[in-house]
Amino acid sequence: MKRLAWATVPLALGSALAAGGPDTGSTAWMLASTALVLLMTPALAFFYGGLVGQKNVLNTMMMSFAVLAFGGVAWVLLGYSLAFAPGTAYIGGLAYALAHGFMEKGKLLVDGGLPVIVNLGFQGTFAIITAALISGALVGRMRFSAWLVFSTLWILFVYAPIAHWVWGGGLLSKALDFAGGTVVHINAATAGLVGALVLGARREFGRVAFLPHNIPFVLLGAGLLWFGWFGFNAGSALAANESAALAFVNTMFAPAMTAVVWILLDYLKNGKATAVGAATAVVVGLVAITPAAGWVGPLGALWIGALAAFPSYYFLLVRPKLGLDDSLDVFGAHGLGGITGAILTGVFAAAAWNGGTAGGLEGNWAQVGYQVLAVLVVMAYSAVGTLVLLFVTRAFVPLRVAGRDEAVGLDAALHGEEAYPTTEGAILVAEEGGAA
Amino acid sequence: MKRLAWATVPLALGSALAAGGPDTGSTAWMLASTALVLLMTPALAFFYGGLVGQKNVLNTMMMSFAVLAFGGVAWVLLGYSLAFAPGTAYIGGLAYALAHGFMEKGKLLVDGGLPVIVNLGFQGTFAIITAALISGALVGRMRFSAWLVFSTLWILFVYAPIAHWVWGGGLLSKALDFAGGTVVHINAATAGLVGALVLGARREFGRVAFLPHNIPFVLLGAGLLWFGWFGFNAGSALAANESAALAFVNTMFAPAMTAVVWILLDYLKNGKATAVGAATAVVVGLVAITPAAGWVGPLGALWIGALAAFPSYYFLLVRPKLGLDDSLDVFGAHGLGGITGAILTGVFAAAAWNGGTAGGLEGNWAQVGYQVLAVLVVMAYSAVGTLVLLFVTRAFVPLRVAGRDEAVGLDAALHGEEAYPTTEGAILVAEEGGAA
Amino acid sequence: MKRLAWATVPLALGSALAAGGPDTGSTAWMLASTALVLLMTPALAFFYGGLVGQKNVLNTMMMSFAVLAFGGVAWVLLGYSLAFAPGTAYIGGLAYALAHGFMEKGKLLVDGGLPVIVNLGFQGTFAIITAALISGALVGRMRFSAWLVFSTLWILFVYAPIAHWVWGGGLLSKALDFAGGTVVHINAATAGLVGALVLGARREFGRVAFLPHNIPFVLLGAGLLWFGWFGFNAGSALAANESAALAFVNTMFAPAMTAVVWILLDYLKNGKATAVGAATAVVVGLVAITPAAGWVGPLGALWIGALAAFPSYYFLLVRPKLGLDDSLDVFGAHGLGGITGAILTGVFAAAAWNGGTAGGLEGNWAQVGYQVLAVLVVMAYSAVGTLVLLFVTRAFVPLRVAGRDEAVGLDAALHGEEAYPTTEGAILVAEEGGAA
Amino acid sequence: MKLIVAIVRPEKLNDVLEALFKAEVRGLTITRVLGHGGGTERVETYRGTTVKMGLYDKVKLEIGVSEPFVKPTIEAILSSARTGEVGDGKIFVLPVEKVIRIRTGEEDEAAVTPVKPGGE
Amino acid sequence: MKLIVAIVRPEKLNDVLEALFKAEVRGLTITRVLGHGGGTERVETYRGTTVKMGLYDKVKLEIGVSEPFVKPTIEAILSSARTGEVGDGKIFVLPVEKVIRIRTGEEDEAAVTPVKPGGE
Amino acid sequence: MKLIVAIVRPEKLNDVLEALFKAEVRGLTITRVLGHGGGTERVETYRGTTVKMGLYDKVKLEIGVSEPFVKPTIEAILSSARTGEVGDGKIFVLPVEKVIRIRTGEEDEAAVTPVKPGGE
Ligand SMILES: Nc1ncnc2c1ncn2[C@@H]1O[C@H](COP(=O)(O)OP(=O)(O)O)[C@@H](O)[C@H]1O
Ligand SMILES: Nc1ncnc2c1ncn2[C@@H]1O[C@H](COP(=O)(O)OP(=O)(O)O)[C@@H](O)[C@H]1O
Ligand SMILES: Nc1ncnc2c1ncn2[C@@H]1O[C@H](COP(=O)(O)OP(=O)(O)O)[C@@H](O)[C@H]1O
């Protein structure tokens, strides 16, 4: 929805512009937002890294950092073009590949008040975090080289097309998705689910308790994710305007509400408010408000935040009992949170707040239908695309590590490092081989 | 002072505005500032969480995160209105409750160049961090459910009225408080002091050494707090203008000076510059410059930074000997730092730098009187209000945990988690109860 | 180059300005950028702090934090003036010392759309991070008091003059250095190399394996450095304009490319992609793109990122075998990365992207000559200046700690603290001395 | 009275605890240790520093038992801790002169006989 | 020569150290351990994973003493480590064949007789 | 069979391991411990809290050996762990009644005789 605005909607906003120059205020906000969204991937590395056991910390974190590297390069070379260049309704063309399309008459192109090249960066951070999110379903058993291949292909052939449908002028432009509830969260969660099923559970699943090794890291990740999410949601207004302000405020209060409900559910169940639960709730709330951020008012945001707690809370409790090793609950948090948010966006969209688009509560129940349709289409394509890419990857390199490596831990086995090395018994190896 | 500006002072600044549209530059800065201040609460969780022992890490961090949740929701529903809606000199009205008051004629209201709804978020981050600050005085013994009730009530009935007096057009509008020295820091520190006295000391206080468990976390917290404080202080200019720039620069150099003095004092005392000391000094300097940030010049800021080191440094040394279990020295750091800063704002305010308001050194000693008065009024109200709310809370739930829980640690006892779980001896519990 | 623009180039950009008022959009971006660059120093503390052993964590982190304090104060009092006040071709004058020069007719001066005092802060963050970078070469054996003296003098007498030559209108204005490749990185790396040679290796060097104690901290540092570097590079446009946008995007994709190449080199060598390697690669890529950020297009940035991996990768492998205890490879990462970047800026500068300045590939090979010259001049001055200041420092305080302190660890020996204290056997000392 | 000291793989600890529980052994003390044995070494690389890690994470159990429990305890450990690969660990049986339960001052047999739950 | 091995509550360690100091016992070695005994278990929940934690933090002291010190050492521990609740720990007395002080090579009695401070 | 328990400085561990390797001692178990001895204390200050740290990081080695290895093992440790300053540590020699290799069930001598590498 919104990214269409990029090329076609005139700047309805304040600042008088000298002919051709960017709106410095909106440019400032979009640069800040891009930095914020980029930070979300290291933040995710900590959120996920804290949740795994000590022998898989670095591997888990590297799955995110690697997407910053490989995914970033793939994006600038090809992905951006497949998503945003003029093309068919199904996929963009190649006009923007290799960083073309940002200049005109020897000057950087400005459109909608922004240097167009900002979009390359801003959209790139979305592609990166989306692929990184998938890794939470696969930790502890996936071969790192397979992840490099798969995640890069996935950005090009699953993420980019879906982004094109929703934001690039494609198929799904009737669904409301302010900042990427379907494109990012439902998409990543579906891919994670499929990946977890294809890979199979970790060998010790169900026999050994997988406990987080560092919950402060989980809280650090959640805090930094929240911080970065302001760029994600309020930056999706593509300007420093009223819509950005509304999206910002909703991004602040909706997850607060989710955490309130989650803590109360925890009290009801165990009499204990867990920290892992609170961190999870913040993420679920952020996911749920993502499609709605600029479409609903603050009270609508509180409702979405509150309602989003329930499906995720209960699914997380039963998930391990289903035998499903979606290791860090990508589907429970991002999938269910995203679906709840996408549908409720259709319910709570408030014409007064967003400048004209009504939702179900204001009589436009058809919108809920568009929302459900978008969810189903994205899930279907994501599932099939992920499956195909996993098989393609497997043609080159096995997806899973050897059983022995899984037992030793992926940090030592795949990266030749430990997260917290100790010097005891570490014997320096001289060049010749030397030593005992 | 400043928040008054919100509604009444015309934009004296650069950017020419299209009728009714926001100033995109100032909006960009306020959005960024709000994100920065929000980050301060997770940052505080790390500052505090690193300072406690290993058995209370999560509880300490959750005391901050819980305010983001419960305090945030309370703010949007009621607190903002009590602070900023038109009302009496003592408290605001209900006009802005439930997120009313941000729209006009079906459009988001713009005032002073900003979408007014930004204020709901920006001010909310202040309310949240203020309540979270109190927790440092109470860690290691307070029941978490009591904290949820108390901190939420406190935002509504202690924080909101004081914010109203100082910024909402109320009682204390003659005192200079650029970004919340009295409203935030003196207020929180007084509440912490009262809370520590009412709760009483931890059982092991004075017998066992309470040592920080992770000093890098303390430094991380201090670093992120400093980062966020630029939004806190320079954002309090409510525009991207000269005043914001001055407040920013002062926020950078005053705490630097405090840390210089603190490190030298450490050298004089022990011959050793402590890291906990340096982190504390940065926070004390940030607190002290908060009320002064836009009122004084850079040299005044250095003086305030330098002078603020002394009372806090020496009070922190004697505090444990007073038998006062203000566990993480909220009063020593935020109270004394805040009082020093508030008074010195009256001394160093420089008409040339701030556009007209002179301080004591320029002959206007009366200003110092207003500053002292504001400090006393805020401390008195905060103390009484906190006391009342603690008793109200106690009517529903005991304030302290059982002695056994205090010994085991609040993470396991109240949250059913450990900060750094180990898998050894962790036996998976099946649904039926099963296992040994 | 760019900082010259500060005073002399008219604002060629968008936003129509009321006479004398700042451009709020560019001001917003420069405030945000300054906060981002300030955060880089705590980020560096974590990058470095994670790389050292457990007994030197706090000392390593404090070397960075101390520069924020002492270096910051020295900057506002004198350093800024030596760098930016009108003076000779060699060094600036004293006109801006003690925070003079920011006001005119009782108002804060605005120039180039920005309140000039922003420059005091923005440039200060560069001075601070530069000095802090040096510490990586010296950890584990330098007396902390000597570091305080040396690093402060170094900012005044090595950093400030070089900043003057390149940005203050001095000697080296023909070299392209968008954001400080020579001034910051080559300068710091040369100083580190000289410092490591003068101090000599740690006593256990070559006999004991020095392993990082916490690799997640290294990744956290790298993530926050990347985040902050957007302010460093895109902020160096001194406006929220097309140049900032280009610099931003290059800062996002160049280090991604470096990490891709580095990971592939790791696979070639060991079959294992190391996390420490990936974090290092990101920093190397950021260093290399720093001088080029606003001068090259995105494909040029990818080339620079890719090529920068090689010298650093191989130098890091052989460095320990050279007997050179540049403990955390400041020269390998910042020196070689900086030199590669500086020279390649001359090669890849693209007139179309930067508005007129061609590089070698567009026929202007002379530019490469200017680049090499600037590198050599900066290295020569930095080496000599550092040497002199180390000897000056040694006249007051020995540079190295006692052997016993080195063995015990600098945290306990110099700071009287441990990074992760344990309560076992910690006996409270009463005022009188008391206890067993 | 004997002190049975067993070094086992950490991933086998839960199995061992369960086997001991079934053998009615209640009291024991566990320590995280590093073992060095006949196994091969692991190479790790941190920038230019390459190290051989010759030590492996192990868990040590110390179990004070009275004579009749010595054999069942050893058998429980042997059966539950074995994988058959190098690195399974060792059991040492040490003589003990006296055991005292701190809470009650009870000695020897009485000291290692479990009490009814309800405490900690 | 005997080796006295005592397992005590971590929160009692300082009291025990003080009591040992008063009993003129100087040298000892301390290890963080996990104890399993007659006490009840703690339940922890991490998302959908619920675990019983049957192990508690304890501290182990190892004290090499000559015969005349055996009794005073045990008494010092018993009096200072006791709370009366389940989980107070155990003391084991093990026979030792030889003790050597690495610094000097002194053996047995001489090896465990403290020196004048001044070193470490 | 004997169990040799040695407490040494952590910074000497690699030297000790090398010396033991040369003495053909293969199996051993290492624990991080805290030692209290005749040495002086360290003062640390955290805000207003000043503490004496009377415990120092040490490493404990436990080595099960058959009789002929007792002397060479002790000598290897003595020669490699000594600095001559207070705090070098102690060696205890404890009698062992039985040693069992978990992997094979081999007992005593056989249990402590190293196997050919190839495993872990
Ligand atoms: N002689 C010994 N003394 C003390 N501990 C030993 C001894 N031999 C082996 N261990 C411990 O047992 C573990 C397994 O021994 P190892 O020799 O690797 O395998 P295995 O017992 O299967 O041959 C070692 O890691 C070490 O902790
Ligand atoms: N038989 C034993 N062998 C070794 N350690 C034991 C034994 N019994 C108890 N312990 C240790 O002593 C601690 C306290 O014992 P427990 O049985 O819980 O309480 P109590 O001794 O008060 O009955 C345990 O946590 C464990 O560390
Ligand atoms: N009697 C003892 N029992 C157990 N461990 C001891 C004993 N005496 C010393 N140790 C251990 O040996 C270490 C060194 O002993 P210490 O007395 O400090 O030095 P030295 O042995 O050189 O005189 C101590 O830190 C402690 O771990």
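The chains referred to below are lettered A, B, ... by the order of the sequence lines, with proteins before strands, and numbering in each begins at 1.
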> To the nearest 0.5 angstrom, please state how far the OG1 atom of A:Thr422 sits from the CD atom of C:Gln54.
9.5 Å
> Quick check: do A:Phe65 and C:Ile263 have side-chain heavy atoms less than 4.5 Å from each other?
no
> Tell me which of these, C:Pro212, C:Ala259, C:Ala278, has more heavy-atom pairs under 4.5 Å with chain A than the rest.
C:Pro212
> Write out all pairs satisfying ring-ring contact (aromatic ring centres under 6.0 Å, His included) with one or both partners inside residues 248-285 of chain C, taking only residues at least two apart or from two chains.
C:Phe230-C:Phe248, C:Trp262-C:Tyr313
> Which bit of C:Ala273 comes within less than 4.5 Å of chain A, counting heavy atoms only: side chain, backbone, both or neither?
both
> Side chain to side chain contact (heavy atoms under 4.5 Å, CB included) for C:Leu246 and A:Leu108? Distances and angles first, verdict last.
CA-CA 9 Å; C:Leu246 178 63; A:Leu108 280 154; 4.1 Å; yes
> Mind checking whether A:Leu39 and C:Trp226 have side chains closer than 4.5 Å, heavy atoms only?
no
> Please evaluate residues A:Thr34 and C:Val249 with respect to the criterion side chain to side chain contact (heavy atoms under 4.5 Å, CB included), reporting the C-alpha separation (whole Å), side-chain torsions for both, the decisive distance (0.1 Å), and the verdict.
CA-CA 9 Å; A:Thr34 308; C:Val249 164; over 6 Å; no
> Looking at OG of A:Ser145 and CG of C:Leu264, how far apart are the two atoms once the value is rounded to the nearest 0.5 Å?
11.0 Å
> Test side chain to side chain contact (heavy atoms under 4.5 Å, CB included) on A:Thr423 and C:Val208 and set out the steps.
CA-CA 8 Å; A:Thr423 316; C:Val208 166; 4.2 Å; yes
> Using side chain to side chain contact (heavy atoms under 4.5 Å, CB included) as the criterion, list what pairs up with A:Ala146, not counting sequence neighbours.
A:Met142, A:Arg143, A:Thr393, A:Val397, A:Leu399
> Are A:Leu68 and C:Val282 packed together at the side-chain level, in the sense that at least one heavy-atom pair is separated by less than 4.5 angstrom?
no
> Which bit of C:Val276 comes within less than 4.5 Å of chain A, counting heavy atoms only: side chain, backbone, both or neither?
both
> Among C:Gly223, C:Pro320, C:Ala352, C:Ala254, who wins on heavy-atom pairs under 4.5 Å with chain A?
C:Ala352
> Measuring from C:Ile215:CD1 to A:Met61:CE, what's the distance to the nearest 0.5 Å?
10.5 Å
> If I measure from the heavy atoms of chain C, does A:Leu58 come under 4.5 Å with its side chain, its backbone, both, or neither?
side chain
> Suppose the criterion is side chain to side chain donor-acceptor pair (under 3.5 Å): which pairs have a residue in residues 202-225 of chain C, not counting sequence neighbours?
C:Arg202-C:Asp325, C:Arg203-C:Glu406, C:His213-C:Tyr420
> Is chain C contacted by the side chain of A:Leu109, its backbone, both, or neither, given a heavy-atom distance below 4.5 Å?
neither
> When heavy-atom pairs shorter than 4.5 Å are enumerated against chain C, which of A:Gly228, A:Pro42, A:Gly121 gives the highest number?
A:Gly121
> Give, as side chain, backbone, both or neither, the part of A:Phe144 having an atom under 4.5 angstrom from any heavy atom of chain C.
both
> Nearest heavy-atom pair of C:Ala245 and A:Ile117: which atoms, and what distance?
CB-CG2, 3.8 Å
> Name the region of C:Met252, side chain, backbone, both or neither, that has any atom closer than 4.5 Å to a heavy atom of chain A.
side chain
> If you count heavy-atom pairs under 4.5 Å between each of A:Phe217, A:Phe102, A:Trp29 and chain C, which one has the most?
A:Phe217
> Taking 4.5 Å as the heavy-atom cut-off, does anything in residues 409-416 of chain A contact chain C, and if so which residues?
A:Ala412, A:Ala413, A:Leu414, A:His415, A:Gly416
> Any chance you could lay out the side chain to side chain contact (heavy atoms under 4.5 Å, CB included) test for C:Asn241 and A:Thr27, step after step, and finish with the verdict?
CA-CA 7 Å; C:Asn241 58 9; A:Thr27 302; over 6 Å; no
> Quick one: which of A:Gly72, A:Pro421, A:Ala426, A:Ala99 has the most heavy-atom pairs under 4.5 Å with chain C, could you say?
A:Pro421
> Within a strict 4.5 Å, meaning less than it, do heavy atoms of the C:Leu220 and A:Phe46 side chains meet?
yes
> What heavy-atom pair brings C:Gly206 and A:Leu428 nearest, and what distance separates the two atoms?
O-CD1, 3.4 Å
> Determine yes or no for a side-chain-to-main-chain donor-acceptor pair under 3.5 angstrom, with C:Glu242 supplying the side chain and A:Lys107 the backbone.
no
